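First up is the structure itself, then whatever we jot down about it.
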Amino acid sequence: MTSKKLTVSILLGIVVGAFAFGMYNYQRRVQNSQMEKVSTQDSRLVRMHSPVFGPQGAPVTIVEFFDPACETCRAFYPIVKDLMKQYPNDVRLVLRYAPFHAGSDHVVALLEAAKRQGKYPQVLEAVLAAQPAWASHGQPNIDLAFKAAEEAGLDLLQARADAAKPEVDAVLQQDLEDLTALEVTKTPTFFVNGRGLPSFGPEQLATLVAEEVSKIKK
């Protein structure tokens, strides 16, 4: 009986190891393919319409493809803000939209409308703060997102009119086209001066930013 259990354990270990190895190789292939796309289509990373936080001429650019309904994007937001505080003159953040969740496209339109009123940062933070209330993978309550934006000082009547304009839809369509071309399939996805994260996590992002900042300090 003990021998059989040992054999089963060994076989199970082999199967798990093979699966993990296969997943690692798959992820590496995906990442290499993505970086090849970025290297040949770097103009797709930043567009003229993209919201920018930090100095416009900063030598280090963090590009984040984000979804306003993404819980991990919400968790990363203060982490990215801390990185920008750490390098106030050297790092800027460029946001690109990847509305993978249901209803996220409406919130993206709301954010673009907020930009027209000069209230983008306030509304972004309000929407993220209220995310647990309005974001749902099945039935998002978009009205709560709009309510949070209004409480942040947005003229909601004007915002609804602006959100319906073709120019706003064009922004969303361009970002969708770019994320497809760059093989962005999850949020958040980060690029730092065109370099993707070797593995996902706050430490990896911080390390990559530090490496790029150190290059300009030499």
Side-chain angles (χ1 to χ4, degrees), residues 30-31 33-74 76-77 80 84 91-128 131 134-135 137 140 142 145-146 149 154-156 158-197 200 205:
V30 170
Q31 184 181 45
S33 174
Q34 186 179 69
M35 291 315 301
E36 182 180 347
K37 291 291 195 323
V38 171
S39 66
T40 58
Q41 304 182 71
D42 60 339
S43 62
R44 289 188 179 274
L45 281 176
V46 179
R47 294 290 184 178
M48 291 292 293
H49 64 255
S50 302
V52 178
F53 294 78
Q56 283 281 349
V60 177
T61 298
I62 302 173
V63 175
E64 177 185 356
F65 283 87
F66 96 113
D67 183 330
C70 166
E71 296 173 358
T72 309
C73 294
R74 180 174 183 262
F76 262 88
Y77 184 70
V80 176
M84 295 176 66
V91 176
R92 67 173 182 160
L93 169 67
V94 176
L95 289 181
R96 304 299 306 276
Y97 301 121
F100 294 141
H101 291 77
S104 290
D105 54 339
H106 296 292
V107 182
V108 165
L110 172 68
L111 290 170
E112 283 298 300
K115 187 194 300 181
R116 292 167 177 257
Q117 294 184 32
K119 296 186 180 296
Y120 191 97
Q122 302 95 307
V123 170
L124 174 63
E125 295 201 356
V127 165
L128 290 178
Q131 186 195 86
W134 66 263
H137 298 303
I142 304 303
F146 276 71
L154 191 68
D155 180 339
L156 199 53
Q158 183 62 49
R160 289 186 182 277
D162 289 338
K165 291 182 177 179
E167 303 94 303
V168 170
D169 183 62
V171 167
L172 177 57
Q173 294 307 316
Q174 182 65 71
D175 281 17
L176 288 172
E177 180 183 314
D178 288 341
L179 71 84
T180 300
L182 297 175
E183 298 183 353
V184 173
T185 58
K186 65 182 186 301
T187 55
T189 291
F190 292 98
F191 298 95
V192 181
N193 280 0
R195 297 172 61 193
L197 272 62
F200 185 75
L205 177 61

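Not measured: the values here are computed from a predicted model.
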Beyond-backbone contact of [X] with [Y], side-chain heavy atoms, under 4.5 angstrom:
| X | Y | value |
| --- | --- | --- |
| I142 | V107 | yes |
| L95 | L124 | yes |
| F53 | P121 | yes |
| F191 | V184 | yes |
| F65 | K186 | no |
| L172 | P99 | yes |
| T189 | L182 | no |
| I62 | V94 | no |

Would R44 and E177 count as a salt bridge (Lys or Arg N to Asp or Glu O under 4.0 Å) if you check the C-alpha gap in whole Å, the side-chain angles of each, and the deciding distance to 0.1 Å?
CA-CA 9 Å; R44 289 188 179 274; E177 180 183 314; 3.4 Å; yes

Write out all pairs satisfying salt bridge (Lys or Arg N to Asp or Glu O under 4.0 Å) with one or both partners inside residues 91-102, taking only residues at least two apart or from two chains.
R96-D175, R96-D178

Salt bridge (Lys or Arg N to Asp or Glu O under 4.0 Å) partners of residues 116-126, not counting sequence neighbours, each pair once:
K81-E125

Compute the ring centroids of F190 and F66, then answer whether they are less than 6.0 Å apart.
no

Are F200 and F76 close enough, and set up right, to give a ring pair (Phe, Tyr, Trp, His ring centres under 6.0 Å), and what steps lead you there?
CA-CA 11 Å; F200 185 75; F76 262 88; 5.2 Å; yes

Sidechain-backbone polar pair: S50 side chain, V46 backbone, donor-acceptor under 3.5 Å
no

Between D105 (side chain only) and F100 (backbone N and O only), is there a donor and an acceptor less than 3.5 Å apart?
no

Nearest heavy-atom pair of [X] and [Y]: which atoms, and what distance?
| X | Y | answer |
| --- | --- | --- |
| L128 | P68 | CD2-O, 3.9 Å |
| A159 | A113 | O-CB, 3.4 Å |
| V123 | A149 | CG1-CB, 3.8 Å |
| G194 | L45 | CA-CD1, 3.8 Å |

To the nearest 0.5 Å, what is the distance between OG1 (T187) and CZ (R74)?
14.0 Å

Could you check whether atom CD of Q122 has more than 12 heavy atoms from other residues, nucleotides or ligands sitting under 6.0 Å from it?
yes

With side-chain contact (heavy atoms from CB on, under 4.5 Å) as the test, would you mind laying out the steps for L205 and V80 before giving the verdict?
CA-CA 9 Å; L205 177 61; V80 176; 4.0 Å; yes

Please report the C-alpha distance between T61 and V63 in whole Å, then the side-chain angles of each, then the deciding distance to 0.1 Å, and finally whether the side-chain contact (heavy atoms from CB on, under 4.5 Å) criterion is met.
CA-CA 6 Å; T61 298; V63 175; 3.9 Å; yes

Full working for side-chain contact (heavy atoms from CB on, under 4.5 Å) between L111 and Y97
CA-CA 10 Å; L111 290 170; Y97 301 121; 4.1 Å; yes

Can K115 and E112 be said to form a salt bridge (Lys or Arg N to Asp or Glu O under 4.0 Å), step by step?
CA-CA 5 Å; K115 187 194 300 181; E112 283 298 300; 3.0 Å; yes

List the steps and the verdict of side-chain contact (heavy atoms from CB on, under 4.5 Å) for E64 and L93.
CA-CA 7 Å; E64 177 185 356; L93 169 67; 4.1 Å; yes

Which residues pass the side chain to side chain contact (heavy atoms under 4.5 Å, CB included) test with A69, sequence neighbours left out?
D67, H101, S104, W134, A135

